[in-house]
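Just so it is clear, the values below take in all heavy atoms, side chains as well, and ignore hydrogens, waters and symmetry mates. The sequence lines fix the lettering, A, B, ..., with proteins before strands; numbering per chain opens at 1.
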There are 2 protein chains.
Amino acid sequence: MSRIRIKDIAQMADVSVGTVDRVLHGRSGVSEASRKRVEEILKQLDYQPNMYASALASNKQYTYACLLPQHEASEYWTDIEAGIREATLAYSDFNIQADVTHYDPYDYHSFEQASQQIVEKQPDGVLLAPTAPQYTCPFVEQLNQLHIPYIYIDSNIQEQPALSFFGQHSHQSGFFAARMLMLLAGKNATEIAIFRKINEGVVGSNQQERREIGFREYMERHHPTCHIWELDLHAKRDTEDTQMLDDFFKAHPTLHNGITFNSKAYIIGEYLHKRGIADFNLMGYDLLKRNVECLKGGTISFLIAQQPTLQGFNGIKTLCDHLILKKEINRINFMPIDLLTRENIEFYYKPIN
Amino acid sequence: MSRIRIKDIAQMADVSVGTVDRVLHGRSGVSEASRKRVEEILKQLDYQPNMYASALASNKQYTYACLLPQHEASEYWTDIEAGIREATLAYSDFNIQADVTHYDPYDYHSFEQASQQIVEKQPDGVLLAPTAPQYTCPFVEQLNQLHIPYIYIDSNIQEQPALSFFGQHSHQSGFFAARMLMLLAGKNATEIAIFRKINEGVVGSNQQERREIGFREYMERHHPTCHIWELDLHAKRDTEDTQMLDDFFKAHPTLHNGITFNSKAYIIGEYLHKRGIADFNLMGYDLLKRNVECLKGGTISFLIAQQPTLQGFNGIKTLCDHLILKKEINRINFMPIDLLTRENIEFYYKPIN
DNA sequence: CTGTTAGCGCGTTCAG
DNA sequence: CTGAACGCGCTAACAG
C-alpha cells in the first residue's frame, strides 16, 4: 500500500495537481467549490506530503544565524557548537547553512551589536543563547516583525516565547543537586560550601543563580540546620584561587562537602588533588574535560550534565523541522537532569568535538 | 556556494551523468579511462550525493522485520515498540514499513519458528532482541547468507556481531547500582537484599544476570563484609508475593536496603507502601508506570533507566541510515546509565506510548 | 480561476 | 562502453 500522492488527490477531486498544490499551501486562485472538495479528500485520506520531494523541488537555500556567548575552547559552549555543526552536516541535503557569531557575556553592548548584524542579514532562522531579558527582548521583537523564527538555547525568556526552547530546568537541577550532595554528606552533616566565580558582583549567567535558588530551597526544606558557607573566587583572576582556597579550608577544617553551580568545578577538584584532600565530597556541572578527569580521579564525586551537544543539534534540527519539513514543534524542551559518577561516565553520550 | 551535483561532476569529467552514476555505484560498463577521471574528481570535490533525491528516484519500498519477546502492556518492551513506531513515522517518506512479531522468551522453539517466518519473508532489514546465543546464531547466520542486515537491541551477541547493537552495558550498570545503593545505605550498613522473579530456576534474561554480577563485583570490592540476602519470588505466581515478602521481612527485621535487577521493583515498592514500611531504601530498573509511581511516592529511592524508546527508534533509524542513506554505522551503541529520583524524574525523556 | 509543464538531483532504462 | 531520456513527488511559472 503506497503513500498517497498529490496526483492521487487531484484525480479524486477531478482537478489538476496545480490546484491541489494551491490549496495545500493556502495560496489564492482557487474557487470555493474546488477548495472544499480538495480539502475534504485531503482530510479523509490524511494526506502527508513527502517533505523530501518538497524540499527538493522548492530548491531553497536556508541560512541560520547562531548567536552564542564568547568562550574558550573546551568549555560548555564548545559542545553546543559541536552539536550545531553536527546538525548542519546531518541536514546538509536540505541546503542549510549555519553562521555562528559571538557576543561578550559581560558586555551588553556587544550583544546589541551582534544582534543588529543578524537582523540586517535577514536569515531564515535564528538560534540564540539569550542574555538578560531587557537586552534579548528588543532583538527578538525585531525578529517577530520580520517573521524570522528563533530558538532559545540554554536559557529561556518567558516574556518573549520562542519557536522552541532547549535547556535544563535550572531551579529543579539545583534542587536535585542538593539531594545528591546531602546523600554524599550523610545525615549528620552540619555544614556545606558553595563555590562561585564572580566578576564585579556579576555571576555571569541566570542559570547559575537559578540553580543556587533551587539548591537552597531543598536545603531549607530538608536540612534547615545545615550551614551553608560561601566562597567567591574571582572570575578573571585565576591565579588567586589557590590562596583563597587555602584560606577557606584553613578557616573551615571540619567542612567536607561542597558544590559549584558553574562549570568550573575542576578548579576546586584540582586544588583538592594538589593538596591531597581526599575526604571532601565535591559536586559540579557540565562534562568539561577537566571536570571529567576530576570525576574519574575521584576529586569530584558527581557531575550534573545537560547534554549541550544535543541542545545545539536539536536547535538546528528544530529550525529545519519547522521551516522545511513543516512539522509541529514542541515549544518547551527541558533537557534531562543527568547524574554522572565515575561508575557511569564511560557510557554517557560522547562529546563530539 | 551550492552543493556539487552529479551533473557538475559529469561536466568536469567530460562524460555524461549516466557514466558518473555508474562509477558511483560501482557498476560495470565504464572504460578505465573514464572511471579514473571521474573517481579523481569525485575525491577531489568530496562529492556527497543528495540522499533524499536518491531515495526519491530509486522509489523502493523497504520492509523491516522486528522480533521481540512477548510481553504485557506497559512493560519495558512496550516502550521499545513505541520507539519503533515513532521511527517508522519519522521516516515514512522513505517508504519504510516495520512488521513486529513476538516470541515466547521462555520457549526457544517459539523463537526458531518466528525467525523462520522472517527468513521466508526476506525483509530488507531485521531488528531483533536476541535470546540465548545458541538459538540466535543459526538465525542470524541465515541472514548473513541472504545479506540481510540485522540489528541487536537490548542485549548483544558477541559471537555474531550485528550491523549495530543498542543496549545498556548491564555489568557496569549493576556496578553503578551497587555504588548508589550503598550511598543510600550509609557507611555502616551490614546487610542488603536482592529480590528476584524466577520461573523454574530461569531468570528470564541475560541482562538481569549480568547486572547482578556487576553489582556483586562492586560489593566484593568495596563492601566485602556486607551480607547480601536473596529472595526469589515466583515469576508466574504473583499472588504469593505478599506472603513471601512478609516472611522475608519478618526474618530480617534489621534490613533496610534492597534492589531488583528486573523491571518489577514496583512489586516490592507497593508492598512497602501497603505495610507502611518507610525506612527501606529500594532500587530498581526501568520506568514502568508503576515503578515511577513508587518513585514519586517514595517507596522506590532510585530507578535506573536505559531509554528503551530511543533504542527502538535508533534501531529503525540505523537500518534506514544504512540501507537508504548509506551512512557509516556505529556497531556498538551503549545506552547511558541514567539515575532517576523523585527530584529529576519529571524532566526525563517522556515515554511516548 | 485552472491545467500544463519544466525543473529539483538522482536512478534506470534503452538505444546507439 | 556511453549518452539521452524519462520518472520519482512536489513546486512554481506560465498560458489560457
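- Partners of B/Ser34 under the side-chain hydrogen bond (donor to acceptor under 3.5 Å, both in side chains) rule, at least two apart in sequence or in another chain, are B/Ser31.
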Quick one: side chains of residues 154-162 of chain B, donor-acceptor pairs under 3.5 Å with protein atoms, not counting sequence neighbours, listed by atom name and distance.
residue  : atom : partner  : partner atom : Å
B/Asp154 : OD1  : B/Tyr76  : OH           : 2.9
B/Gln160 : OE1  : B/Asn144 : ND2          : 3.3
B/Gln160 : NE2  : B/Glu141 : OE2          : 3.3

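- Listed by chain and residue number, A/Arg3 satisfy the side-chain hydrogen bond (donor to acceptor under 3.5 Å, both in side chains) test with B/Asp93 (two or more places apart in sequence, or in another chain).
- In this view, B/Asn314 satisfies the side-chain hydrogen bond (donor to acceptor under 3.5 Å, both in side chains) rule with no residue, not counting sequence neighbours.
- Of the possible polar contacts, none joining the B/Thr63 side chain to the B/Asp124 backbone as a donor-acceptor pair under 3.5 Å is found.
- A side-chain hydrogen bond (donor to acceptor under 3.5 Å, both in side chains) check over residues 6-17 of chain A, counting only residues at least two apart or in different chains, returns the pairs A/Arg5-A/Asp8.
- A donor-acceptor pair is defined here as one N or O able to donate and one able to accept, closer than 3.5 Å; no such pair exists between the side chain of A/Asp99 and the backbone of A/Ala65.
- Side-chain contact between A/Ile153 and A/Leu68 is present, with at least one heavy-atom pair separated by less than 4.5 Å.
- With sequence neighbours excluded, the residues that form a side-chain hydrogen bond (donor to acceptor under 3.5 Å, both in side chains) with A/Ser164 are A/Asn333.
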All N/O donor-acceptor pairs, side-chain side in residues 42-51 of chain A, below 3.5 Å, sequence neighbours left out:
residue : atom : partner : partner atom : Å
A/Asn50 : OD1  : A/Tyr52 : N            : 3.0
A/Asn50 : OD1  : A/Ala53 : N            : 3.1

Quiz prompt | Protein proximity profile, nucleotides 5-16 of chain C - base contact B, sugar-phosphate-only contact S, no contact -, cut-off 4.0 Å on heavy atoms | solution = B-BBBBSB----

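- Remark: A/His322 pairs with no residue by the ring-ring contact (aromatic ring centres under 6.0 Å, His included) rule, at least two apart or across chains.
- A donor-acceptor contact shorter than 3.5 Å is absent between the side chain of A/Gln311 and the backbone of A/Gln168.
- A nucleotide of DNA chain D counts as in contact with chain B when one of its atoms lies under 4.0 Å from a heavy atom; the first and last such, 5' to 3', are D/dC1 to D/dG9.
- The terminal axes of the helix from C/dC1-D/dG16 to C/dG16-D/dC1, fitted over 5 pairs per end, subtend an angle of 60° to the nearest 10°.
- Using a 4.0 Å cut-off on heavy atoms, the residues of residues 29-39 of chain B that approach DNA chain D are B/Gly29, B/Val30, B/Ser31, B/Ser34, listed by number.
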